[in-house]
Amino acid sequence: MQLNPQQQAAVECTEGPLLIIAGAGSGKTRVLTQRIAYLITEKQVNPWNILAITFTNKAAGEMRDRVDQLADVNGGSVWVSTFHSTCVRILRRFIDRLGYDTNFTIYDTDDQKHVIKDIIKQMNLDTRMYKDRALLSAISSAKNELISPEEYQLSAAGDWNKQTISKVYSAYQRMLKQNNALDFDDLLMKTVELFQSQPDVLDSYQERFRYLMVDEYQDTNTAQFVLVQLLAKKYRNLCVVGDDDQSIYRFRGANIRNILDFEKSFPEAKVIKLEQNYRSTQNILNAANAVIANNRGRKKKTLWSDRDEGELVHFRQFMNAFEEAEYVAGDIRAKVREGAEYSDFAVLYRTNAQSRLFEEKFLMANIPYRLVGGLNFYSRKEIKDLLAYLKTIDNARDDLAVRRIINVPKRGIGAASLNKAADYAEAQGISLYEAMRRADEVPGLARAAAKLKGFTQYIDSLRAMVGILSVEELLNKVIDQTGYVRELEAEDTEESRARIENIDELITKVVTYEENAEQSSLNGFLADVALVADIDMEDEDTNKVLLMTLHSAKGLEFPNVYLTGMEDGIFPSYMTITSDDVMELEEERRLCYVGITRAMNDLVMTSCKTRMIRGETQYNKVSRFVHEIPRELVDLGRDSLPERKKEREIQKNNVWKKAVQDFRKPAAYSQTMFDKPVLTKGSSLMGASGAPDYEVGDTVRHIKFGTGMVLNIVKGAKDYEVTVDFEKYGVKKMFAAFAKLQKI
DNA sequence: CTCCTTTGTCTTTTT
DNA sequence: GACAAAGGAG
């Protein structure tokens with residue numbers, strides 16, 4: 001395929017700063033890869049001098065492959081990776097200048113939580129006032145803005161709450177350093193710190209990366225922005241690609257101003273807009289444009305396509321999430337019968353929790369699927385345990401890993417002995433592991449001393465073999481000698497078998513790593529593992545339906561897309577509706593825009609009238625985003641309803657009528673649209689119309705009166721009056737809304 | 001010291 | 001409703 005004039009211009013504009021505003025589906029990945037190839041083959045740039053930063057490892061891998069094909073060089077020498085992986089590679093070489101060991105451990109969210117909990121305990125903070133999540137997010141925001149603990153403390157003057165956070169931040173940072181560990185945010189911040197304090201290091205990387213490219217630039221945060229600035233300062237050959245309409249990571253510190261103000265930071269910058277969309281039908285594109293048009297503060301652009309109109313955007317509303325999932329499963333089945341592949345479909349939702357019902361239905365309908373996100377492979381217990389062994393072998397200063405495995409398998413070492421060792425470690429200023437190694441010196445340890453020493457001797461013996469044995473051999477030794485798998489085999493439950501499968505999978509991953517890595521090492525493997533996103537593990541060739549959040553779907557495309565849970569309170573989320581910050585709703589709308597533009601040919605949006613959330617039934621209105629799509633682009637599906645049982649049919653028709661009514665309302669800005677979703681306590685099974693779901697003759701349960709039979713239901717002015725004959729309390733009359741009777 | 005039960009919290013999104 | 005953390009019994 002030929003490049004269009006704008007794309008061509010973007011490829012050939014190699015010198016100086018360049019901003020490419022690339023609308024969804026405008027072929028930016030092609031432009032980026034062509035540009036790299038052009039630099040190498042036409043401009044004779046050494047591949048070694050090019051750095052391309054992408055959002056996910058998967059995207060990086062794909063780009064590297066495509067460069068390989070285009071430019072007749074070893075694309076491996078072009079450095080293509082994510083911000084975080086790039087930073088790890090740099091820090092592995094130079095972080096000793098900042099007082100860390102170069103074999104530092106990378107802490108994931110779970111590890112961070114443990115650390116922060118420890119600190120909360122140590123500082124005797126009121127856990128009601130200071131939640132670990134809140135504290136971690138405050139620390140994370142600070143780091144994303146490159147605010148050090150010291151600077152944070154200065155800014156906290158006069159604010160008691162901020163002062164406490166500041167103390168926690170400092171303690172947290174101290175603890176990480178003691179454990180020779182960095183968290184995700186540290187990777188960026190420490191790299192910036194390194195560049196700012198070590199001019200020679202910065203200079204060597206500036207010389208090395210003379211041509212910089214940053215993809216998904218709209219999602220960079222301040223730390224990433226500064227990092228890029230530093231690297232680009234010398235040669236100014238910086239090309240950033242992004243779409244302000246697809247900025248969806250504000251909660252993670254992404255600053256949309258980075259892209260909007262690019263021309264301010266680089267006044268000589270050229271700007272190229274890519275507005276032709278090669279992905280979606282005109283109808284889908286029009287729907288997306290109509291939705292995003294409601295946002296203010298964006299760079300004006302209009303996507304167009306020379307594809308034909310295509311199908312209307314489909315919208316369906318259901319009584320509950322079960323029916324929603326059933327419909328999606330049925331629809332996929334039907335389309336597969338007509339020749340579609342499973343891999344043509346993606347089911348997208350706002351929160352991970354929504355995936356469960358789809359999984360269940362797909363399982364029942366025999367639809368192969370893959371769930372992206374949710375519980376990460378590497379956060380499963382058995383995987384974390386084994387990785388903790390490897391981490392301990394690799395970096396004995398990581399107390400967290402040591403604590404995790406000290407009693408896995410059971411070694412009869414309890415909290416008491418461990419605390420004694422920890423106290424001693426603190427007093428001596430050594431790591432927990434070191435204290436255990438010297439267990440004889442620790443006061444108060446009687447029999448436990450031998451056990452602790454036994455553990456460290458075992459780990460030490462393994463450490464002696466690092467570099468001699470491969471990572472795979474090392475892992476197998478751990479599995480074998482600890483009896484980890486044997487224990488699971490003995491358990492012989494469905495769960496334990498699944499765990500064993502996961503462990504086998506881990507071994508496979510080790511082998512794959514060792515085969516692919518330029519120079520494999522235990523340390524390198526652990527870093528790799530810490531930085532993979534779930535989406536990275538998706539291989540293209542499996543024929544499966546993909547289930548994932550809207551966030552995970554960024555950058556992907558599918559012939560058929562289901563946008564599910566299109567309800568006010570779900571999407572846009574309750575948090576953003578109630579927030580008084582308009583920016584939050586705008587970000588949510590961008591997320592919707594991302595969702596719509598994933599679809600190539602067919603887009604189905606679904607919503608439910610009722611939905612169970614955390615054990616509560618919610619009644620939600622149709623998402624305001626659905627109303628923002630012009631009516632003439634939407635099919636409400638009256639004629640295409642699948643054949644069902646008679647009563648279902650009637651119910652469906654009512655739903656459809658309601659859907660039509662909703663559409664006739666003046667959409668987004670009518671007062672009712674801003675009503676909060678109705679929450680009801682408990683699991684009342686009231687229909688959405690207010691009618692009870694039970695009938696005369698049904699047996700029901702009342703919270704106080706127990707079970708009884710419904711004698712009569714009379715519709716009153718506001719509610720239904722129900723007469724029930726209870727087994728123990730006799731005949732009672734009550735209002736349905738209050739009684740919360742459950743049909744049995 | 002370990003196992004089991006109870007209690008509390010949570011939900012937006014993730015490298 | 002689900003899962004982790006804390007508390008109590010053996």
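Lettering of chains follows the sequences in order, A, B, ..., and the numbering in each one begins at 1.
Within 4.0 Å of A/Ser417, counting heavy atoms only, lie sugar-phosphate atoms of the nucleic acid but no base atom. Nucleic acid contact class of A/Ala530 (heavy atoms, under 4.0 Å, all strands): none.
Heavy-atom minimum distance, A/Ile596 versus A/Ala288: CG2-CB, 3.7 Å. Across A/Ile147 and A/Tyr169, no two heavy atoms sit closer than the pair O-OH, 2.8 Å.
Atom-to-atom, CG of A/Leu371 to P of B/dT14 comes out at 11 Å; the value is rounded to the nearest Å. In this structure, A/Leu550 atom CG and B/dT11 atom P are separated by 19 Å, rounded to whole Å. Between the C1' atom of C/dA4 and the NZ atom of A/Lys113 lies a distance of 9 Å, rounded to the nearest Å. The interatomic distance linking A/Met612 (CE) with C/dG1 (P) rounds to 5 Å, in whole Å. The interatomic distance linking A/Lys384 (NZ) with C/dA4 (C1') rounds to 14 Å, in whole Å. If you take CD of A/Glu567 and P of B/dT12, they are 15 Å apart, rounded to a whole angstrom. In this structure, the CD atom of A/Gln224 is 12 Å from the C1' atom of B/dT14, given to the nearest Å. Separating the CG atom of A/Asp186 from the C1' atom of B/dT15 is a distance of 13 Å, rounded to the nearest angstrom.
Using Watson-Crick or G-U wobble geometry with both donor-acceptor distances under 3.5 Å, C/dG10 finds its partner in B/dC1. Using N1 to N3 plus N6-O4 or O6-N4 for Watson-Crick, or N1-O2 and O6-N3 for G-U wobble, each under 3.5 Å, B/dT11 pairs with nothing.
Between A/Tyr107 and A/His114, the ring centre distance reaches or exceeds 6.0 Å. In this structure, A/His551 has its ring center at least 6.0 angstrom away from the ring center of A/Tyr349.
Place A/Ala415 and A/Thr109 on DNA chain B by their nearest nucleotides, and A/Ala415 ends up nearer the 5' end. Both A/Arg133 and A/Leu531 lie near DNA chain B, and the one whose nearest nucleotide falls closer to the 5' end is A/Arg133.
Between A/Phe251 and B/dT13, a base-stacking contact is recorded: ring centres under 5.5 Å apart, planes less than 30° from parallel.
A donor-acceptor contact closer than 3.5 angstrom is absent between the side chains of A/Arg250 and A/Asn255.
For A/Asn221 and B/dT15, the shortest distance from a side-chain N or O to OP1 or OP2 is not below 4.0 Å. Contact annotation: A/Asn407 reaches the phosphate of B/dT2 (side-chain N/O to OP1 or OP2, under 4.0 Å). Look at A/Asn352 and you won't find any side-chain N or O under 4.0 angstrom from OP1 or OP2 of B/dT11.
Residue A/Lys410 places its side chain closer to B/dC3 than to any other of B/dT15, B/dT13, B/dC3. Distances from the side chain of A/Phe184 to the nucleotides B/dT12, B/dT13, B/dT15 place B/dT15 closest. Distances from the side chain of A/Tyr249 to the nucleotides B/dT15, C/dG1, B/dT14 place B/dT14 closest. Closest to the side chain of A/Lys131, out of B/dC10, B/dC1, B/dT14, is B/dC10. Among the nucleotides C/dG1, B/dT2, B/dT13, the one closest to any side-chain atom of A/Thr549 is B/dT13. When distances run from any side-chain atom of A/Ser552 to the nucleotides B/dT12, B/dT11, B/dT14, the shortest one goes to B/dT14.
In summary, of the residues considered (A/Asp185, A/Thr191, A/Leu188), a side-chain contact (heavy atoms from CB on, under 4.5 Å) with A/His84 occurs for A/Leu188 alone.
A salt bridge does not link A/Arg380 to A/Asp385: none of the charged nitrogens lies less than 4.0 Å from a carboxylate oxygen. With respect to the salt-bridge test (charged N to carboxylate O, under 4.0 angstrom), the residues A/Glu567 and A/Lys609 do not qualify.
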Walk me through whether A/Asn180 and A/Tyr100 qualify under side chain to side chain contact (heavy atoms under 4.5 Å, CB included).
CA-CA 6 Å; A/Asn180 196 29; A/Tyr100 287 78; 3.9 Å; yes
I'd like a table of atom pairs between the protein and nucleotides 5-10 of chain C - only N or O on both sides, under 3.5 Å - with the distance next to each one.
unit_1, atom_1, unit_2, atom_2, d
C/dA5, OP1, A/Lys117, NZ, 3.3

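For the P atom pair drawn from B/dT13 and C/dA4, the interatomic distance equals 16 Å after rounding to whole Å.
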